[in-house]
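Take a look at the structure set out below.
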2 protein chains.
Amino acid sequence: MAVSAVPDTAAGEVTDYEMVRDTRRVLAMLSRKWSVEVLYLLANGTRRYSAVLYEVGEISKKSLTRTLRALERDGLVARRVYPEVPTRVEYSLTPLGWSLTGPLVALYEWSAEHAQAAAEPQRPRLAIVPEP
Amino acid sequence: MAVSAVPDTAAGEVTDYEMVRDTRRVLAMLSRKWSVEVLYLLANGTRRYSAVLYEVGEISKKSLTRTLRALERDGLVARRVYPEVPTRVEYSLTPLGWSLTGPLVALYEWSAEHAQAAAEPQRPRLAIVPEP
DNA sequence: CGGCATCCCCTGGGATACTG
DNA sequence: CAGTATCCCAGGGGATGCCG
């Protein structure tokens, strides 16, 4: 695999298959519609369910619950239930969740840097003949 | 925004909204089922359509075409058509595509490092009472 | 308060067949 | 060879309503 600084299969013992598999595993954690927003929100501190619901804005309760459950299953978010009269539930980032903000911010920075490049319209889809 | 090394809105002028927006923009480019695999494949060198189809393996032609078109629209992949008898089409990474392999590999490395942490079963979903 | 349950829609992906 | 066209299915997301 010729990708940047990653060692090849010969010496470093990293196969393309593993790279694809692992990369997709992370992406699967993040590609849900509201995952990033919730993650960034909790990075600002612990929140109650209703607080997250309010701060995210347009999300439905069902989607929020699904998102939080998924993040919890992936070990990125911790859920704590306080058995009080009206139930209180608090969500926060786990250490694992925190460790993921690094790569996540790297993605953001890439997008910010290459914003116009990525936004500029591609050349029309015509047959492009190579120079003779 | 308290996320790692990113400056706050006050001084650095980076809003949560922009971070969420830009991060999701990149994720949208990558979250398609076969995007990563195709990207890694083309990182190994230019490929013809049929070569990609064969090397990826289980992908359908329809999905591959859609994936390539999407990657092309996002400016990550270049498409070159040779007007020959049986049509020949070659796909390769653009400089923008190459620049994305960095953050992408960062994701892979995170996944590789935290593989068991992410894989270990979460504690059963019971009410967890905070220490008194 | 913090969810499930239900219903409905829309998109992405697979399989197959056809074409310039 | 490099796609389209067509049909189908599964799952994610929104809206609403009910509940301990």
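Worth saying up front: this structure is predicted, and the values here are computed from it rather than measured. Labels below follow one simple rule: chain letters A, B, ... track the order of the sequence lines, proteins then strands, and each chain is numbered from 1.
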Whole-Å distance separating the [atom1] atom of [X] from the [atom2] atom of [N]:
X: B/Tyr82; N: D/dA2; atom1: OH; atom2: P; result: 12 Å
X: A/Arg69; N: D/dG12; atom1: CZ; atom2: P; result: 15 Å
X: A/Lys62; N: D/dG17; atom1: NZ; atom2: C1'; result: 13 Å
X: A/Leu53; N: C/dC1; atom1: CG; atom2: P; result: 11 Å
X: B/Trp34; N: C/dG13; atom1: CH2; atom2: C1'; result: 10 Å
X: A/Leu64; N: D/dA15; atom1: CG; atom2: P; result: 14 Å
X: A/Glu58; N: D/dG13; atom1: CD; atom2: P; result: 14 Å
X: B/Glu84; N: C/dG20; atom1: CD; atom2: C1'; result: 15 Å

Determine whether the side chains of B/Tyr49 and B/Thr65 contain a donor N or O and an acceptor N or O closer than 3.5 Å.
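Result is yes, a qualifying pair exists.
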Sugar-phosphate, base or nothing in reach of B/Thr87, heavy atoms under 4.0 Å:
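Touches a base.
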Under 4.0 Å, heavy atoms only, any strand: does B/Lys61 hit a base, just the sugar-phosphate, or nothing?
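Result for B/Lys61 = base.
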Under 4.0 angstrom between A/Arg79 side-chain N/O and C/dG3 OP1 or OP2
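Answer yes for this pair, as a side-chain N or O of A/Arg79 is under 4.0 Å from OP1 or OP2.
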Counting just side-chain N and O atoms, does B/Arg48 come under 4.0 Å of either OP1 or OP2 of D/dA2?
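For D/dA2, OP1/OP2 do have a side-chain N/O of B/Arg48 under 4.0 Å.
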Can you tell which of [options] lies closest to the side chain of [X]?
X: B/Val89; options: C/dG3, C/dG14, D/dA2; result: D/dA2
X: B/Ser60; options: C/dC1, C/dG14, D/dG13; result: C/dG14
X: B/Tyr91; options: D/dG14, D/dG3, C/dC1; result: D/dG3

How do A/Arg66 and B/Thr65 order along DNA chain D: which one's closest nucleotide is nearer the 5' end?
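The 5'-side residue here is B/Thr65.
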Taking atom types as they are modelled, is there a donor-acceptor pair under 3.5 Å from the base of C/dG13 to the side chain of B/Lys33?
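No.
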Quick check for you: to the nearest 0.5 Å, what is the distance between A/Leu27 atom CG and B/Ser111 atom OG?
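Answer for the CG-OG pair, A/Leu27 versus B/Ser111, is 9.5 Å.
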B/Arg66 charged N/C atom sitting above B/Trp34 aromatic ring, 6.0 Å / 45°:
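No, B/Arg66 and B/Trp34 do not form such a contact.
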Working note: B/Val38 + B/Leu64, criterion side-chain contact (heavy atoms from CB on, under 4.5 Å); need CA distance, chi angles, decisive distance, verdict.
CA-CA 9 Å; B/Val38 170; B/Leu64 177 58; 4.2 Å; yes
Any Lys/Arg nitrogen of B/Glu55 or B/Arg47 sitting under 4.0 Å from an Asp/Glu carboxylate oxygen of the other?
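So B/Glu55 pairs with B/Arg47 through a salt bridge.
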